[in-house]
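Positions are given from 1, in the same order as the sequence printed here.
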Amino acid sequence: MPEWVLVVARTWMSMVVLFIMTKLLGKRQVSQLSLFEYMTGLTIGSLVVYISLNTDGLWYLGVVSMSVWVLTSLGLEWLQLKSKRFRDLIDSGGTILIQQGRIMEHHMRKERLTIDEMMIQLRNKNAFRLADVEFAIMEPSGEINVMLKKQKQPLTLEQLGIKVEHSERAPVIVLMDGTILEDELKIIGKDKGWLSKELEKRGLKEQDVFLVQVDAAFQLYIDLFNQRKNTAAYTSYENQFWRGLKP
């Protein structure tokens, strides 16, 4: 068998193995990484290349090594869940960069963080003025979280004395590409018949609709396919997407 065919086959196999092992490690591995998770990602990536390109007949040792790394990572994550002391040893704690509005220069030097780098992260948190920041901490992942000063924080409904009539939940997409998603409808306690009636009230059919999203108050956001967006039906409802009738 030609070597290029073996390389293709091993690459595909490596992709499958890597996908399975990443699923085992969980979403945390593909979000903000700790130091050890960063090391794990680099090592597994190198092992995948080794498995794909090694032609000396010992490529399977790469799979063994990758399995050891993944099992070790799972073991360390289990220990981190069970022991805060071990969790602090692996991930360390957060580093305070700004406290009570004052920049902690020695902490910045410890993390080898420049003012420019800190300002980029602060702006990502919508904190453009240092004078507005009460507290900033660098997490073990390297992300900087910010607490604004009291007078700069947005008002909440509770502070305004406004009571919320219903509990909030994440909006759910119940129709996509002209197809009703019955499983998603079950999540909000509705069925296909309910959605069809709601669309009929607006003079629409499911095949005309690109997307429907339902919020906690059972209001509908409706978006039609592009080719229908100049029709009378679309014009009639383009300013009323979140004014769906309650059941």
Evaluate the criterion side-chain contact (heavy atoms from CB on, under 4.5 Å) for residue pair Met138 and Leu113; output intermediate values, then yes/no. CA-CA 10 Å; Met138 175 177 275; Leu113 184 71; 3.8 Å; yes

Who pairs with [X] by side chain to side chain donor-acceptor pair (under 3.5 Å), at least two apart in sequence or on another chain?
X      : result
Glu117 : Thr114
Ser196 : none
Gln153 : none

Can you list the residues that meet the side chain to side chain contact (heavy atoms under 4.5 Å, CB included) rule with Met176, with sequence neighbours excluded? Ile173, Leu181

In chain order, what residues pass the side chain to side chain contact (heavy atoms under 4.5 Å, CB included) check against Arg129, with sequence neighbours excluded? Ala131, Asp132, Lys152

Can Val212 and Val174 be said to form a side-chain contact (heavy atoms from CB on, under 4.5 Å), step by step? CA-CA 6 Å; Val212 176; Val174 296; 3.8 Å; yes

With Lys125, which residues qualify under salt bridge (charged side-chain N to carboxylate O under 4.0 Å, His left out), at least two apart? Glu143

Mind checking salt bridge (charged side-chain N to carboxylate O under 4.0 Å, His left out) for Arg109 and listing every partner two or more places apart, or none if nothing turns up? none

Please check if [X] and [Y] belong to a single hydrophobic cluster, counting links between Ile, Leu, Val, Met, Phe, Trp and Tyr side chain heavy atoms closer than 4.5 Å.
X      : Y      : result
Ile180 : Leu224 : yes
Leu122 : Met147 : no
Phe135 : Leu130 : no

To the nearest 0.5 Å, how far apart are [atom1] in [X] and [atom2] in [Y]?
X      : Y      : atom1 : atom2 : result
Leu199 : Leu175 : CG    : CG    : 6.5 Å
Leu211 : Ile222 : CG    : CD1   : 10.0 Å
Gln121 : Asp116 : CD    : CG    : 12.5 Å
Met119 : Asn124 : CE    : CG    : 11.0 Å

Correct closest heavy-atom pair for Asp223 and Val209 would be O-CG1, 3.5 Å

Which hydrophobic side chains are connected to Phe128, either touching it within the sub-4.5 Å cutoff or through other members that do? none

What side-chain donor-acceptor pairs closer than 3.5 Å can you find for residues 97-107, not counting sequence neighbours?
| unit_1 | atom_1 | unit_2 | atom_2 | d |
| --- | --- | --- | --- | --- |
| His107 | ND1 | Ile96 | O | 2.6 |

Stepwise, does the salt bridge (charged side-chain N to carboxylate O under 4.0 Å, His left out) test hold for Glu200 with Lys197? CA-CA 5 Å; Glu200 287 176 9; Lys197 288 180 181 178; over 6 Å; no

Are the side chains of Ile144 and Glu139 in touch, meaning some heavy atoms are under 4.5 Å apart? no

Is the shortest heavy-atom distance from the side chain of Val133 to the side chain of Lys149 under 4.5 Å? no

Any pair with a residue in residues 172-184 that passes side chain to side chain donor-acceptor pair (under 3.5 Å), sequence neighbours left out, goes on the list, sorted by first then second residue, please. none

Walk me through whether Phe225 and Gln207 qualify under side-chain contact (heavy atoms from CB on, under 4.5 Å). CA-CA 9 Å; Phe225 284 107; Gln207 59 266 28; 6.0 Å; no

